[in-house]
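Here the structure is laid out as structure tokens; the discussion comes afterwards.
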Amino acid sequence: MTNPATIPLQTQLLHHIMQQASEAMIVVSAPDLGILEINQKACNMIGGAREEIIGLPLFAVECSLNDVFFWEELKLAPILPQARVAESEWLSRDGRSIPVEKRVSSFSEGDQVIWIIQAEDLTSRRRMMQEQVTLASQLQSSLEATAEGIMSTDLDGQVVNLNRRFGSMWQLSDDLIVERDAQQMFQHIGTQLRSPKHFEAVLERLRQDPESESENTLQLVDGRHFICVSKPEYLRDRLVGRVFSVRDITAIKKVESDLVDALNMAEQAVHDKSRMLDALKISESRLRRLINSSLIGIFQGDMKGHLTVANEILLDLLGVNREDIIGNQVEWLTLTSPAYHAAHEAALKELEKFGQAAPFEAELTRKDGSKVPVMVSLARLEGSRFEWVGFVLDLTEQRKADRAKSEFISVVSHELRTPLTSIRGALGLLESGAAGELAPKIKHLIEIAHRNSQRLGTLVNDLLDMEKLVSGKMEFNQEAFDLHALAEQSVEANSSYAAALNVHYKLAPKQGQVMALGDSERVMQVFANLLSNAAKFSPKGEFVDISVRPFENMLRVDVVDKGPGIPLEFRDRIFTKFAQADGSNTRQQGGTGLGLNIAKSFIEKMGGTVGFESEIGKGSVFWFTLPIASKPS
């Protein structure tokens with residue numbers, strides 16, 4: 001190393017100045033760019049020792065391609081009238097690229113020219129610039145992401161910044177946005193307002209008082225509503241402009257309007273509900289009076305059979321107080337006789353399936369233990385799957401009337417039967433000539449009287465049979481008998497009646513084993529009724545066909561006529577008491593209207609069924625079935 005004492009003063013002074021400089025400095029020779037001197041700051045940036053760097057070419061430090069063109073240009077005029085500034089990149093010993101800004105000046109003495117390079121590390125400056133760019137980008141993104149339209153202006157009326165939402169809310173054209181003239185934008189905004197003068201007055205007040213704030217609701221001509229808030233903008237306590245913030249509150253206004261409408265509707269609904277409740281209370285009061293004044297007991301229950309409501313009629317019928325029933329989980333079955341429990345359970349199942357149940361008879365047990373015959377009907381409450389209402393009709397008086405009627409019919413029938421039998425026998429003898437030859441007119445009158453006595457006898461017998469069936473006194477003997485043989489006997493017994501009407505019976509041949517189980521005497525009555533009916537309604541000269549055959553594990557008897565058929569409106573009540581399809585025709589043919597009802601009751605008591613099939617103008621088929629006997633008796 002050269003002894004410092006031998007270094008000229010100027011060189012020592014240059015070295016001292018370079019070492020004390022705040023910037024990195026390198027001195028290179030022109031034009032070969034060899035490094036003559038370097039200060040410690042430059043060494044620290046490069047990461048090398050002064051002794052290692054001095055003598056190296058400058059391109060060992062600089063690594064930018066632009067530096068080549070820069071120095072080539074300087075070589076053309078090495079002596080610089082003023083410093084030249086350019087950006088460069090230095091290469092550190094660890095391979096890092098360091099951005100720098102270099103200021104190059106020249107110094108010459110004689111023929112020797114040197115260039116002095118002052119360099120500033122740009123890393124921090126670029127980082128700050130990048131941070132500012134990032135911050136500005138984030139600020140702009142925030143402005144764009146906000147739900148409000150934002151515009152800021154300076155004191156000269158120029159738009160400094162605005163986000164896209166502001167432009168779209170006010171439908172600003174690209175020309176307006178580019179020109180950045182706040183006054184023109186406000187004029188455009190005024191054309192979209194329903195009250196532009198009010199908005200102009202607000203802007204004028206803000207111009208008069210730049211540090212004031214404002215908040216206004218703006219209504220646009222297209223129906224939208226905005227809130228516009230304006231506040232002054234400061235930079236280090238110095239007023240620099242104004243910020244306008246606009247929010248679209250159309251949806252809020254719509255909600256407010258809807259809420260007002262809903263409130264009005266709710267108030268109206270409350271008023272209507274109050275009126276409905278009053279009307280409902282009046283209706284309920286009337287209904288309660290109606291129910292309690294009804295002649296029918298009414299009650300309400302659930303699917304478990306518990307009673308929940310009962311009117312006064314039912315309470316009186318049971319001989320109990322309301323407190324004894326309601327609220328005590330009283331079951332309907334506890335109020336009825338055990339013999340009728342099955343009918344009630346069946347009605348509940350029918351109720352659950354169809355919503356209503358057919359009426360059924362029952363017997364209520366009063367509080368004092370007495371029994372009350374009733375008719376009960378159940379129906380499910382509208383809109384409920386678990387509650388039903390029941391209606392109870394007291395049959396006490398009806399049963400009394402039935403008994404009185406039965407007793408009357410029984411007495412009258414028995415009182416009539418004995419003298420009627422004598423009268424019919426006497427008339428029969430007279431008609432047969434037992435008392436000698438009668439004059440034709442007298443004989444004709446005797447024949448009429450004899451037929452009417454027979455008809456009256458049939459009526460008395462039917463009435464007696466009906467009374468026995470109703471009272472349960474009719475006895476049936478279960479015995480096995482040949483149903484085809486019984487049909488032959490019936491045909492023979494009724495053939496004279498059919499012959500008088502010029503009608504004939506035709507019995508089909510026997511088909512296999514036809515042993516039936518039942519009461520043969522009652523079956524004879526059924527045959528007599530069906531055969532006489534078929535003969536009565538058959539045209540003269542026609543045949544009535546009778547057949548006996550096995551049918552679905554039963555024995556079936558068919559009686560087929562070729563009469564006029566049964567009218568449609570009469571078919572659903574043909575088996576009821578005193579049923580007659582045509583009063584005039586029936587009177588002409590004769591009949592009581594009880595025969596089919598009695599026949600149906602007889603067959604059903606013996607375990608069979610009765611039915612018919614009919615076609616208007618072609619005739620009818622009346623049939624009945626009986627169980628097959630396992631073995632003849």
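By convention here, the first residue in the shown sequence is residue 1.
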> Given Leu364 and Val392, is the side-chain contact (heavy atoms from CB on, under 4.5 Å) satisfied, shown in steps?
Replying inline: CA-CA 10 Å; Leu364 296 182; Val392 180; 4.2 Å; yes

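- Around the CG atom of Asp368, the shell of radius 6.0 Å holds more than 12 heavy atoms that belong to other residues, nucleotides or ligands.
- A donor-acceptor pair under 3.5 Å is formed between the side chain of Ser601 and the backbone N or O of Asn597.
- The neighbour count for Lys618 NZ, taken as heavy atoms of other residues, nucleotides or ligands under 6.0 Å away, does not exceed 12.
- In this structure, the side chains of Val557 and Ser547 stay at 4.5 Å or more apart for every pair of heavy atoms.
- Looking only at side-chain heavy atoms (C-beta outward), Thr625 and Val610 stay at 4.5 Å or farther from each other.
- Summarising the local packing, CD of Glu492 is surrounded by 12 or fewer heavy atoms from other residues, nucleotides or ligands at distances under 6.0 Å.
- Atom CZ in Arg247 sits 11.0 Å away from atom CZ in Arg165 (nearest 0.5 Å).
- The side-chain heavy atoms of Ile574 and Phe612, taken from C-beta on, include a pair separated by under 4.5 Å.
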> How far apart are the C-alpha atoms of Lys562 and Asp545, what are their side-chain angles, what is the distance that settles it, and do they pass the salt bridge (Lys or Arg N to Asp or Glu O under 4.0 Å) test?
Replying inline: CA-CA 9 Å; Lys562 298 179 180 61; Asp545 296 314; 3.5 Å; yes

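- A 4.5 Å side-chain heavy-atom check between Asp558 and Arg556 finds at least one atom pair inside the cut-off.
- The minimum heavy-atom distance linking Met606 with Val523 is given by the pair CE-CG2, 3.7 Å.
- Listed here is the closest heavy atom pair of Leu507 and Ala487: CD1-CB, 4.1 Å.
- Side-chain contact between Ile546 and Lys506 is absent, with no heavy atoms from C-beta onward closer than 4.5 Å.
- A donor-acceptor contact shorter than 3.5 Å links the side chain of Asn264 to the backbone of Val260.
- With a 4.5 Å cut-off on side-chain heavy atoms, Gln511 and Val548 do not count as touching.
- Between Ala343 and Phe360, the shortest heavy-atom distance links the atoms CB-CD1, 3.9 Å.
- Within the 3.5 Å criterion, the main-chain N or O of Ala508 finds a donor-acceptor partner in the side chain of His484.
- Among Asn502, Val560, Val544, the single residue meeting the side chain to side chain contact (heavy atoms under 4.5 Å, CB included) criterion with Ser538 is Val544.
- Of the N and O atoms on the side chains of Asp272 and Gln268, at least one donor lies less than 3.5 Å from an acceptor on the other residue.
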> What do the steps show when you test Glu397 against Lys400 for salt bridge (Lys or Arg N to Asp or Glu O under 4.0 Å), and what is the final call?
Replying inline: CA-CA 5 Å; Glu397 296 301 323; Lys400 290 180 180 178; 3.7 Å; yes

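- Minimum heavy-atom separation, Gly565 to Ser614: CA-OG, 3.4 Å.
- In terms of heavy-atom proximity, Pro373 sits nearest to Asp394 at O-OD1, 3.5 Å.
- Annotation: the span from Glu542 atom CD to Leu501 atom CG amounts to 13.5 Å, rounded to 0.5 Å.
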> Gln489 and Leu486: side-chain contact (heavy atoms from CB on, under 4.5 Å), yes or no, with the steps?
Replying inline: CA-CA 5 Å; Gln489 297 177 29; Leu486 194 67; 4.1 Å; yes

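- With values rounded to the nearest 0.5 angstrom, Glu363 atom CD is found 10.5 Å from Leu395 atom CG.
- To the nearest 0.5 Å, atom OG of residue Ser520 and atom CG of residue Asp482 are 11.0 Å apart.
- The two residues Thr365 and Ser337 make their nearest non-hydrogen contact at OG1-OG, 3.9 Å.
- Two residues are said to be in side-chain contact when any heavy atoms from C-beta on lie closer than 4.5 Å; Arg549 and Leu555 fail this criterion.
- Between Lys605 and Asp519 no salt bridge is recorded (no basic side-chain N to carboxylate O distance below 4.0 Å).
- Side chain to side chain, Thr609 and Glu604 fail the donor-acceptor criterion of an N or O pair below 3.5 Å.
- Heavy atoms of other residues, nucleotides or ligands lying less than 6.0 angstrom from CD of Glu345 number more than 12.
- Taking the six-membered ring for Trp, Phe527 and Phe624 have ring centres closer than 6.0 Å.
- To the nearest 0.5 Å, atom CZ of residue Arg224 and atom CD of residue Gln219 are 12.0 Å apart.
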> Please walk me through it: do Phe226 and Ile249 pass side-chain contact (heavy atoms from CB on, under 4.5 Å)?
Replying inline: CA-CA 5 Å; Phe226 293 166; Ile249 59 169; 5.8 Å; no

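- Ring planes of Phe575 and Phe622: perpendicular class, angle over 60° (limits at 30 and 60°).
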> Does the side-chain contact (heavy atoms from CB on, under 4.5 Å) test come out yes or no for Ile603 and Leu626, once each step is laid out?
Replying inline: CA-CA 7 Å; Ile603 294 298; Leu626 287 172; 4.0 Å; yes

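- With rounding to the nearest 0.5 angstrom, the CG atom of Asp222 is 5.0 Å from the CG atom of Leu220.
- The shortest distance between side-chain heavy atoms of Pro564 and Ile616 does not fall below 4.5 Å.
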